[in-house]
Each structure stands twice: as C-alpha cells, then as structure tokens.
**Q** 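Starting off with a structure, shown below.
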Amino acid sequence: MKSPLLTLPGAVPAEGVDEGVAAHYGDLFREQRALADGTGFVDLSHRGVVAVTGEDRLAWLHLLLTQHVSDLPAGRATEALILSANGHIEHALYLVDDGGTVWAHVEPGTQEALIAYLESMKFFYKVEVADRTADTAVVHLPAGSIAEVPEGAVVRETPHGRDLFLPRAGLEAYAAQAGPPAGILAYEALRVEQHRPRLGFETDHRTIPHELGWIGSAVHLQKGCYRGQETVARVQNLGKPPRRLVFLHLDGSEVHLPVAGTELRLADDGPDGRKIGFITTSARHHELGPVALALVKRNVAVDAPLVAGDTAAAQEVVVEP
C-alpha cells in the first residue's frame, strides 16, 4: 500500500519489499541519529496487519506458533514464528494482545498467505482472523521517545521502541505532531546494528530459527504442539545449525556497498576461494560506517577475515558456532 506520507517534504520512495513508504526524507544519517536519540518516527504502514479475535485466540495461537502465548498478558509484546513441517521459517509475527484482540504486524505482502494458513487451522476453535492492513497502519517510535500515543491506538512496546497500530485514516494527522520522520533505510541501519533478523532478508527457503538467534525471543523451548517443533528440539538437544548469523564491519574505503546476496569468502583464500556465506542485509550506519548482517557456515572461525565480493569484512559473533 502506498503511504500518504510519501507527500512529505524530501520523501524518496523505497524500492523492493519496502515499496510504499519512504526510503529517506533527504538526510539518511540525520534520520538515523534522530532515531538513536529517541526522536521522530518511522512510517511502517506498508507492513501487513493481522487481527485475531475470539475467546480461544491465545490458546489457539499457542498451538500454531513457536512462542508461548497461551497466557500472554494484555499489553505485553512478543514475537513468534510459523515453521514448515521441516522446521524452516515461513512467517514472522510481531504480536501484542490488547485484552480482546491479538494484533500482529508482518512482512509486506505476506499477510494473505499467513491468513490462509491460519484459516485452515481454525477447526472448532472460537476465533476469527482478519486482514486489517487496509484500515490499520503501523508506526514505529524509537526507544526513549516521549511522543504522545493517540487515544485508542494499540501499543506494542519492546526494548527497541514502540510499534503503534493506528487507524490508517489518522496517519497523516499523527505524523504532523509526532516529530521528524525517518525513512526505512534509517530504521534498517539500526536493525542491522542491533543484530535483529528480518524475514525474507536474513531468511531463505531453508533457514531454521537457531541460525538467526531467534531461540528465546521468538521460539520458546519449553512448549510443544507446533509444526516444525521436532527440528527445533533436535538441533537444540543433539546438534548445531549448519549456518550462523554474523555482524560484519565492512571496509569503509569502498565506494559501493555490497548488496544482499554478495558472496563471502575467506580473505586468505583469495578471489577464487570457496563461498562460505553471503550478505543478507547491508547498510551505511551513522557511526559505524558500512555494516552488514550475513549468514556463514557454522565452522568458519569467528576471527577469520572475510571478503564480501571485493570488500574486506571483519566478523562480530551474533550466533555462537
């Protein structure tokens, strides 16, 4: 969906998955610094919004999701995954229950497939699933923000800030009083700095939760009864994931930023060395310079210098080998 905030001064439209909101409003680093200082907001109104109502909503979702939500207190934020039968990540949901409805925002364009799966699993449970994307917009306030929250908005508060579920019709009015806008590129740069994976960026068709450090934050190990649980338990108890998420400091002297999909090699192996991983998200950070998240083979030494295409890269451990 195309955001009305693209008419704000300086707005440059984002491309790809994030099409529909602003990539930036004219000054990427200023926008990053504002978010890091707890000011401004990010328009995430392109994200899908799914609402689940009914007296069985939490008990029912508990059976389908990787997270423990059967007794989720009203107002407490959490995140959860839906896995395939083989344990591969299919959906990521960012949830809060307001006492009568579970609200979730999801990656743009994924809500229809998610709702189709949820509808197929309703059986006799007293639940209703609705796509609320058309009438509900998501806005992000950074950690430390003192911006007012409109009456009636649903708030999902996390250590990284607050996600607001607002009536889409009130988005422009809220933006007018919420402080300076920051684009999705600023938001993504801080996400990379915080080592937070994103569905469709850090995931591919064979990603399992252990590879990305989603155990704990999105996967509860003391619950069962969800599709893909066998893989999670087997890796947790008997083995290690084949890949691991790393944070990369990239050579700042390079003009071009390695894009997602850029192959990683060991620097000592030279340009013809074997591929040991790939960039998943890259960004220019206002303090750290060019940085990235990447997936590498688990057995790559944590102190091994890497090369992303032609760009030197130094690792920081996110997921232990």
**Q** Other hydrophobic cluster members with V307, side-chain heavy atoms of Ile/Leu/Val/Met/Phe/Trp/Tyr under 4.5 Å, chained?
**A**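 Joined to V307, directly or through intermediates: none.
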**Q** Shortest non-hydrogen contact from W214 to L199?
**A**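 Heavy atoms only, the tightest pair is CH2-N, 4.2 Å.
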**Q** Is there a side-chain contact between L295 and L212, using heavy atoms and a 4.5 Å cut-off?
**A** yes
**Q** Applying the 4.5 Å side-chain criterion to the ILVMFWY set and letting contacts propagate, would L6 and L171 be lumped into a single cluster?
**A**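 L6 does not cluster with L171.
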**Q** Could you tell me if T133 and D131 have a donor-acceptor pair between their side chains, going purely by distance under 3.5 Å?
**A**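 Looking only at side-chain atoms, T133 and D131 do form a donor-acceptor pair, the distance falling under 3.5 Å.
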**Q** Would you say K297 has more than 12 foreign heavy atoms packed within less than 6.0 Å of its NZ?
**A** no
**Q** Report the distance from atom OH of Y94 to atom CD of E107, rounding to the nearest 0.5 Å.
**A**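 So the gap between those two atoms works out to 6.5 Å.
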**Q** Could you check whether atom CD of E19 has more than 12 heavy atoms from other residues, nucleotides or ligands sitting under 6.0 Å from it?
**A**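 No.
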**Q** Quick one: pull up CD1 in I82 and CD1 in I89 and give me the separation to the nearest 0.5 Å.
**A** 12.0 Å
**Q** For the pair D43 (side chain) and S45 (backbone), establish whether a donor and an acceptor sit closer than 3.5 Å, ignoring hydrogens and angles.
**A** yes
**Q** Indicate the ring-plane relationship of F165 and W103, choosing parallel, tilted or perpendicular according to the 30° and 60° boundaries.
**A**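 If you compare the ring of F165 with that of W103, the planes turn out tilted.
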**Q** Roughly how far, to the nearest 0.5 Å, is CG of L164 from CD of E157?
**A** 10.0 Å
**Q** For E15, I'd like to know if atom CD has over 12 heavy atoms of other residues, nucleotides or ligands within 6.0 Å.
**A**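 It does not: E15 CD has 12 such atoms or fewer within range.
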**Q** If you group Ile, Leu, Val, Met, Phe, Trp and Tyr by side-chain heavy-atom gaps below 4.5 Å, do L81 and V232 land in one group?
**A** yes
**Q** Would a distance-only check, ignoring hydrogens and angles, find a side-chain to backbone donor-acceptor pair under 3.5 Å from R274 to D269?
**A** no
**Q** Give the cluster check for L288 versus L185: same hydrophobic cluster or not, with ILVMFWY residues linked at side-chain heavy-atom distances below 4.5 Å.
**A**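 As far as the 4.5 Å side-chain criterion goes, L185 and L288 are not connected within one cluster.
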**Q** Distance check, rounded to the nearest 0.5 Å: Y174 atom OH versus R168 atom CZ?
**A** 15.5 Å
**Q** Under 6.0 Å from the CD atom of E119, do we count more than 12 heavy atoms belonging to anything else shown?
**A** yes
**Q** Please determine whether residues V52 and L95 belong to a single hydrophobic cluster, defined as Ile, Leu, Val, Met, Phe, Trp and Tyr linked transitively by side-chain heavy-atom distances below 4.5 Å.
**A**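 Shared cluster, yes.
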**Q** For the residue pair H68 and H220, categorise the inter-ring angle as parallel (less than 30°), tilted (30 to 60°) or perpendicular (more than 60°).
**A**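 Tilted.
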**Q** Ignoring hydrogens and angles, tell me if any N or O in the side chain of E31 forms a donor-acceptor pair with the backbone of Y25 under 3.5 Å.
**A**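 Confirmed, E31 side chain pairs with Y25 backbone.
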**Q** On the 0 to 90° scale, with breaks at 30° and 60°, tag the F247-H195 ring pair as parallel, tilted or perpendicular.
**A**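 The arrangement is tilted - the two ring planes meet at 30° to 60°.
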**Q** Distance check, rounded to the nearest 0.5 Å: Q32 atom CD versus E188 atom CD?
**A**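 Separation between the atoms: 11.0 Å.
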**Q** Does a salt bridge link K122 with E128, judged by any charged N lying under 4.0 Å from a carboxylate O?
**A**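 Salt bridge: yes.
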**Q** Please name the residue in the list D97, V69, V129, L72 that meets the side chain to side chain contact (heavy atoms under 4.5 Å, CB included) test with R57.
**A**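 Of all the options given, the one that passes is D97.
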**Q** Quick one: salt bridge (charged side-chain N to carboxylate O under 4.0 Å, His left out) pairs with a partner in residues 202-213, sequence neighbours left out?
**A**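 Those involving residues 202-213 are R191-E202, D204-R243, E211-R243.
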**Q** Can a side-chain donor-acceptor contact be found between Q236 and H210 if the only test is distance below 3.5 angstrom?
**A**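 Yes.
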**Q** Could you tell me whether R198 and D18 make a salt bridge, using a distance below 4.0 angstrom between a side-chain N and a carboxylate O?
**A** yes
**Q** Any donor and acceptor pair, going by atom type alone, linking the side chain of T262 with main-chain N or O of A308 inside 3.5 Å?
**A**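 Checked: no pair found.
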**Q** Any side-chain to backbone donor/acceptor pair from R244 onto E320? Under 3.5 Å, distance only.
**A** no
**Q** For a 4.5 angstrom cut-off between non-hydrogen side-chain atoms, does Y187 reach L44?
**A** yes
**Q** Measure from the side-chain N and O atoms of Q111 to the backbone N and O of G109, and report whether any donor-acceptor pair falls under 3.5 Å.
**A** yes
**Q** Which atom names give the shortest non-hydrogen contact between A186 and A182, and what distance separates them?
**A** CB-CB, 4.4 Å
**Q** Which pair of heavy atoms, one from L35 and one from P142, lies closest together, and at what distance?
**A** O-CB, 3.3 Å
**Q** Minimum heavy-atom separation for V302 to P321, with atom names?
**A** CG1-CG, 3.8 Å
**Q** Please check if any side-chain donor atom of S84 sits under 3.5 Å from a side-chain acceptor atom of N86, or the reverse.
**A** no
**Q** With a 4.5 Å cut-off on side-chain heavy atoms, are P271 and R265 touching?
**A**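 Yes - at least one pair of side-chain heavy atoms lies under 4.5 Å apart.
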**Q** Treat each ILVMFWY residue as a node, draw an edge where side-chain heavy atoms are under 4.5 Å apart, and state whether F278 and F201 are in one component.
**A**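 No, because F278 and F201 fall into different hydrophobic clusters, even though each may have its own neighbours under 4.5 Å.
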**Q** Could you report the tightest heavy-atom contact between P258 and S282, atom names first, then the distance?
**A**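 In terms of heavy atoms, the two residues are closest at O-OG, 2.6 Å.
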**Q** How long is the span from the CG atom in L118 to the NE2 atom in H91, to the nearest 0.5 Å?
**A** 8.0 Å
